[in-house]
Amino acid sequence: MPPKKGSAGKNGSKDSGSQGAGTALVIVESPAKAKTIAGYLGRGYVVESSIGHIRDLPTKAAEIPAKYKGQPWARLGVDVDGDFEPLYVVNTDKKAHVKKLKELMADADELLLATDEDREGEAIAWHLREELKPRIPVRRMVFNEITKDAIQHAANNTRDLNTRLVSAQETRRILDRLYGYEVSPVLWKKVMPKLSAGRVQSVATRLVVERERERMAFTSAEYWDLKAVFDATEAGASDGPATFPATLVSVDGKRIAAGRDFSSQGTIRADRDVRHLDEAAARGLAERLAGAGFAVRSVERKPYRRSPYAPFRTTTLQQEASRKLNLSAKQTMQVAQRLYENGHITYMRTDSTTLSDSAVNAARNQVRRLYGGDYLPDKPRVYAKKVKNAQEAHEAIRPAGESFRTPAETGLSGPEFRLYELIWKRTVASQMKDAVGESVTVRIEGTSTGGEVAEFSASGKVITFHGFLKAYVEGSDDPAADLDDRERRLPAMAEEDPVKAQNLEAEGHSTRPPARYTEATLVKELEEREIGRPSTYASIIGTILDRGYVFKKGTALVPSFLAFAVVQLLERHFGNLVDYEFTARLEDSLDDIARGEAESLPWLRRFYFGGQDSDGNQETGLKELVGDHLSEIDPKEVSSLPLPGTDIVLRVGRYGPYLDRDGVRVNVPEDLAPDELTEAKAEELFAQPSGDRELGADPETGRTIVAKSGRFGPYVTEVIPEPEEAEGGTRGKSKKAKVKPRTSSLLKSMDLDTVTLEDALRLLSLPRVVGQLDGEDVTAQNGRFGPYLKKGTDSRSLETEEQMFTVTLEEAQAIFAQPKQRGRRAAAPPLRELGEDPASGAKMVVKDGRFGPYVTDGDVNASLRKGDEVESITDERAAELLAERRAKAPAKKKAPAKKKAPAKKPAAKKSTTATTATKKATTARRTTAKKTGEPRTDAKKSD
DNA sequence: CAGTGAGCGAGCTTCCGCTTGACTT
């Protein structure tokens, strides 16, 4: 709790210029920080937090103020035609908080904006000033560490807002909005709805996909060598072990090929002069070396020295928590948040490895107390900035306070204890001495019965002073790798010493494809590429998991086929945007803007409308790419992934991935890792029983009738035998001659498992010609909306499916004599009746519609929202929904008071031919319309 | 991913970065 404003204001420790004794309102970003700082500032200051950003671009239509609703750019929240003026709204969950800040400000004489000293922090400060509209002096207060001295110094050395830095942030924000909100809809249209693209997530997805591509292109190689265990007792070794393992490294002076000598194609790299041993060669050599005498050829000793690791920042904490505590990035951050809020650690979202002076002292004191002065370097260690675009608004992640509590002293337990312990150890170790020791490489030589000179190598490492390793050893992503404190002792040996081979065996190995990313290694990769920020690393993983771009297999991140399709689309049509350098270049530009060496507007114009880049190349703007160029994106093409060396294509459909070979299709399990889809696996999938059920043969045609489950539910069809082709006929060419099989959906009364041949034959007899009317055939059949009669271009629905088989010509004539029925049934009775709408005076009722329950006054309809229940909704709430609906929609001139509410759910796909922006009806576009069903009708676009 | 003729209460999905609770399941 901040000090009560009433108690402050009297001769506090602050001296804020001419105002004299008054109260300053200090606003920081985080409540926990506010609490700490309030303690350091004492009287005269009221410290509150903004809880992050208070304003942002509107997220969705509901947040857009009515006056901007009709604007063509309202969807973006950025007036792209008006100098990219952003539209800011106070986040819904912040409205109450902003009000509170305003109230606090009313009692203050000065406003100190003490948000983080980085791009986002500066912007938060600016938004606060814009939104709070203070009439008291406003100053910017900044600090990089939370210690009493630093805070008091900061309060007395304020500065003005840096509007250039704010401009850089705003540019970043607008770019991300344009990228995300313009490119995502392209994916909705071309791949499937609800997908997303963005500067960060799309590159993250691409990294995972590219790694999988490498794995798919990888060819393993097998290679062999010899493993020996030598006995050095004859060498007179007195200390250390008597035996040691060694590996064959060369024969007759030529090095034996090892894993690193092979390319990803499984061949020896061109620049390697090595001998590749296969199994037979290795076994033969082993036999010829049995019983041979060996001697030490050389002993090479080198000093070993290892410096401690830098204190934690967000990414390294996530990596180590993953390796050692098996926590996901998200879990790590949740646990760290609790530690932070309870005052155990400093802020956990940081890109800095810097420790404050008091933290260094605390660490050094702890070293002295726990390990003794021998482990303490003379001077404090300083860690250089590790991350290129680091903004260093905070310290490293370390135990909080000016003296550290040992884990036991904290009283913590469970994951919080373990994470604290990790942070504590790492921090203490970072102020300890180097580990030192010696590494030794011994070469052993022997001659085979065939006269071959075989050389073995053994290496050892001895740590003579553990230094920081006593406190902390970093984990490894490779479980097979040795950790830093691992020692390998060798017997004491000298040149010419004889040794005896105790055991000598051929050993086979094979090269392995690059490992998949884990959460931790992907985060590491993103940080190295300057993509994402400490506050977002964990959520980036969350986003690509949520979208179905990746899934987890153990700890590995496996890309889905969907991710392959999306990345393929982006690479081919938005190459610039998924370029790995894109963010790095963006950061450079933002730095220029922040320094006042560049302006935001030309930059945004070029990005959105196109123009010459810094190298003089003409760049196509984003607007054109997602507009006029949209028709160039062929959805079928971008969702097709040919299986190399085959005529099989994997396609990503709306219902998941499937394989297609000349029209023969088979589903691919969703959780099949792409690198496991080999030709053999594909054949296996094709060979699998598809779940179809053979019902028997049609007595008239002899064709087999099968029942299948399809996109629109269960149906029956017939198998058309492959036409016997004369020589020269190829499979591809025979396609055209194919007879279309008859198909028919099952009736509602039928079931895939129980449908009989008789049922099927009856279904396949459709459409049934009922007779002739007006010189045209009248047919009865089943369709998208159920059974109907068709006469030329005219049609009428039938009431029951059975009527398809029984309706007579007379009945048909009577049906056609009726006008087209609007709706198939009488109006469904309302689910509930409510009172009168105060706005229209009409009675309100709740009805069940195609999109779920809605309330209507007979004129305006409004869907019930999440949380509204048909049973419990009140008149007030219903009137509110109707009012909102009226406010939102431009009044429709459609005739009101429709009374039909068809109970049937609409088909999954609509075939509305939508008006799209482009004029030419290309094949690509037609496919699009068909595939997505309902492209957005952006009719406002004009040329 | 079988092929097919209505007209209907549509509106929304989505970005990246700052930050926490207050909600419901």
Side-chain angles (χ1 to χ4, degrees), chain A residues 29-32 49-54 56-57 59-62 75-76 91 93-94 97 115-116 118-121 123-124 169 172-173 175-185 187-188 193-202 337 341 349 532-536 539-540 543 547 651 653-656 658-660 663 665-667 708 710-713 715-717 740-745 781-786 788-790 793-797 820-824 847 849-851 854 856 860-863 866-867 885 888-889 892 894 896 898 900-902 906-907 911 934 936:
Chain A
E29 287 181 39
S30 134
S49 70
S50 69
I51 324 180
H53 273 291
I54 56 154
D56 192 13
L57 303 174
T59 307
K60 44 180 193 263
R75 188 180 63 80
L76 294 170
N91 307 4
D93 54 339
K94 293 289 167 57
H97 193 67
T115 48
D116 296 349
D118 57 16
R119 204 157 61 207
E120 296 296 327
I124 293 174
Q169 189 275 349
R172 197 272 316 149
R173 180 69 189 92
L175 166 102
D176 282 333
R177 169 51 64 92
L178 295 176
Y179 185 148
Y181 274 39
E182 290 286 37
V183 180
S184 297
L187 299 181
W188 305 343
K194 299 200 175 183
L195 296 180
S196 62
R199 174 174 57 85
V200 172
Q201 61 169 287
S202 293
Q337 174 84 31
E341 284 172 12
R349 293 184 273 261
R533 300 282 310 138
S535 66
T536 61
S539 61
I540 294 164
T543 301
R547 298 285 173 275
R651 293 206 55 213
R654 323 213 112 208
Y655 311 96
Y658 62 96
L659 297 174
D660 186 326
R665 291 165 171 145
V666 59
N667 281 326
K708 300 172 122 179
R711 192 155 55 112
F712 310 119
Y715 68 104
V716 289
T717 187
K740 264 196 178 176
R742 295 173 297 165
T743 64
S744 172
S745 285
Q781 60 228 281
N782 215 348
R784 183 149 73 105
F785 309 108
Y788 67 104
L789 289 170
K790 182 172 159 182
T793 56
D794 202 5
S795 68
R796 295 288 187 281
S797 284
K820 236 176 207 179
Q821 201 72 46
R822 304 227 141 187
R824 233 178 281 121
K847 291 185 171 182
R850 292 182 294 147
F851 311 113
Y854 65 101
T856 177
V860 176
N861 307 306
S863 284
K866 219 172 155 182
R885 183 74 188 82
K888 213 178 289 181
K892 273 193 166 179
K894 258 278 194 173
K898 282 271 149 51
K900 303 292 142 72
S911 60
E934 181 57 86
R936 297 171 65 79

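Chain letters run A, B, ... following the sequence lines, proteins first, then strands; residues in each count from 1.
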Rounded to whole Å, please give me the gap between OH in A:Tyr854 and P in B:dC8.
12 Å

Taking only residues two or more places apart in sequence, or in another chain, which ones meet A:Asp176 in a side-chain contact (heavy atoms from CB on, under 4.5 Å)?
A:Arg172, A:Arg173, A:Arg199

Results of side-chain hydrogen bond (donor to acceptor under 3.5 Å, both in side chains) for A:Tyr788 - residues two or more places apart only:
none

Please list, chain by chain and in numerical order, all residues satisfying side-chain hydrogen bond (donor to acceptor under 3.5 Å, both in side chains) with A:Asp93, sequence neighbours excluded.
none

Taking side-chain hydrogen bond (donor to acceptor under 3.5 Å, both in side chains) as the definition, give me every residue that meets it alongside A:Gln201, ordered by chain and number, with sequence neighbours left out.
A:Ser196

Reading nucleotides 14-23 of chain B 5' to 3', which nucleotides get B (base under 4.0 Å from a protein heavy atom), which S (sugar-phosphate only), which -?
BBBBBBS---

I need the OH-P distance between A:Tyr715 and B:dT4, as an integer number of Å.
14 Å

Across all chains, not counting sequence neighbours, the side-chain hydrogen bond (donor to acceptor under 3.5 Å, both in side chains) partners of A:Asn667 are none

So for A:Ser744 and B:dA2, does any side-chain atom that can act as donor or acceptor lie under 3.5 Å from a complementary atom in the base?
no

